[in-house]
Amino acid sequence: MVDGTCALCSFSARMIGRFDRREQFQIATAQGPLGSALLRHYGMDPADPDSWLLIVDGQALTGADGMIEAGARMGGPGWLLQILRLLPRGVREWLYQRVARNRYALFGRADICALPDPKLRARLID
């Protein structure tokens, strides 16, 4: 689950499209009907900037832990996120929340649905 108007999330989606060779990821936006329903199902608020969700075998992984797991499963440069495991969980989450809450100021806005890559657009499930 990604923010459909966040430039950092848009970049992340493009990286998934490029490096997920096994095509195991599908992407929903927090603003879309499926994305917001999934977030609510897993007890999250779709309007909360911390609402990043990875679902693996029905289990919800959120925040930094979800991103680290996504990076491990994606491969390529995603494995670099594994270095975050060296930080205590509280520090990882604090860092994740600072970036998440300031993502528009730090990275700007970009419409994920405007992505020109048809292969990546096929992964959008909203």
Side-chain angles (χ1 to χ4, degrees):
M1 199 77 45
V2 297
D3 179 340
T5 61
C6 167
L8 178 61
C9 296
S10 179
F11 172 78
S12 299
R14 286 193 309 275
M15 292 300 99
I16 289 171
R18 183 172 178 193
F19 294 106
D20 176 25
R21 303 282 186 229
R22 293 182 280 165
E23 297 185 0
Q24 59 186 324
F25 290 95
Q26 291 186 311
I27 302 165
T29 63
Q31 293 84 358
L34 178 60
S36 60
L38 285 168
L39 286 166
R40 282 192 299 276
H41 174 77
Y42 285 100
M44 301 176 75
D45 178 3
D48 185 345
D50 294 347
S51 296
W52 197 92
L53 176 66
L54 173 67
I55 303 170
V56 178
D57 298 327
Q59 179 184 3
L61 300 170
T62 62
D65 290 340
M67 293 183 69
I68 291 168
E69 183 64 24
R73 289 173 177 269
M74 179 178 57
W79 69 268
L80 292 172
L81 292 171
Q82 301 309 300
I83 199 162
L84 294 173
R85 291 190 195 272
L86 298 174
L87 299 173
R89 188 170 194 277
V91 173
R92 283 193 313 253
E93 289 306 317
W94 179 86
L95 183 62
Y96 171 83
Q97 289 173 0
R98 295 294 82 64
V99 172
R101 291 183 181 151
N102 296 292
R103 66 190 182 277
Y104 296 135
L106 294 169
F107 304 101
R109 293 179 182 264
D111 184 1
I112 196 169
C113 294
L115 296 173
D117 181 356
K119 186 176 175 184
L120 179 56
R121 287 185 56 84
R123 291 179 185 231
L124 298 175
I125 56 175
D126 265 343

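These figures come from a predicted structure and were not determined experimentally.
- Residue-environment remark: CG (L80) exceeds the threshold of 12 foreign heavy atoms within 6.0 Å.
- Counting all heavy atoms, side chain and backbone alike, I16 lies closest to M74 at CA-SD, 3.5 Å.
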Q.
Walk me through whether L39 and L53 qualify under side chain to side chain contact (heavy atoms under 4.5 Å, CB included).
A. CA-CA 7 Å; L39 286 166; L53 176 66; 3.9 Å; yes

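- Distance check, rounded to the nearest 0.5 Å: CZ of F107 to OG of S10 gives 12.5 Å.
- Nearest heavy-atom pair across F19 and G76 is CD2-CA, 4.3 Å.
- Within 6.0 Å of CZ in F11 there are 12 or fewer heavy atoms belonging to other residues, nucleotides or ligands.
- Shown here for L81 and G71, the closest heavy-atom pair between the two residues is CD1-CA, 4.1 Å.
- Residues P33 and S36 come closest through the heavy atom pair O-OG, 3.3 Å.
- Looking at every heavy atom in both residues, R73 comes nearest to F25 through CB-CZ, 3.9 Å.
- A donor-acceptor pair under 3.5 Å links the side-chain atoms of D20 to the main chain of Q24, judged by distance alone.
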**Q.** Working for side chain to side chain contact (heavy atoms under 4.5 Å, CB included), residues L84 and M67
**A.** CA-CA 10 Å; L84 294 173; M67 293 183 69; over 6 Å; no

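- Summarising the geometry of A28 relative to I125, their closest heavy-atom pair is CB-CG1, 3.8 Å, with the distance given to 0.1 Å.
- We find the CD1-CG distance between I68 and L87 to be 8.0 Å, quoted to the nearest 0.5 Å.
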Q | side chain to side chain contact (heavy atoms under 4.5 Å, CB included) assessment of R92 paired with Y96 | A | CA-CA 6 Å; R92 283 193 313 253; Y96 171 83; over 6 Å; no

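- At least one side-chain heavy atom of I55 sits less than 4.5 Å from a side-chain heavy atom of Y42.
- With hydrogens and angles disregarded, a donor-acceptor distance shorter than 3.5 Å links the side chain of N102 to the backbone of R98.
- Other residues, nucleotides and ligands contribute over 12 non-hydrogen atoms within 6.0 Å of the CZ atom of R85.
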Q) After noting the C-alpha distance and the side-chain angles of M44 and R40, does the key distance pass the side chain to side chain contact (heavy atoms under 4.5 Å, CB included) rule? A) CA-CA 5 Å; M44 301 176 75; R40 282 192 299 276; over 6 Å; no

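- At least one donor-acceptor pair closer than 3.5 Å links the side chain of R103 to the backbone N or O of A100.
- Distance alone, capped at 3.5 Å, places no donor-acceptor pair between the E69 side chain and the L54 backbone.
- If you chain together hydrophobic residues whose side chains sit under 4.5 Å apart, M15 and L8 never meet in one group.
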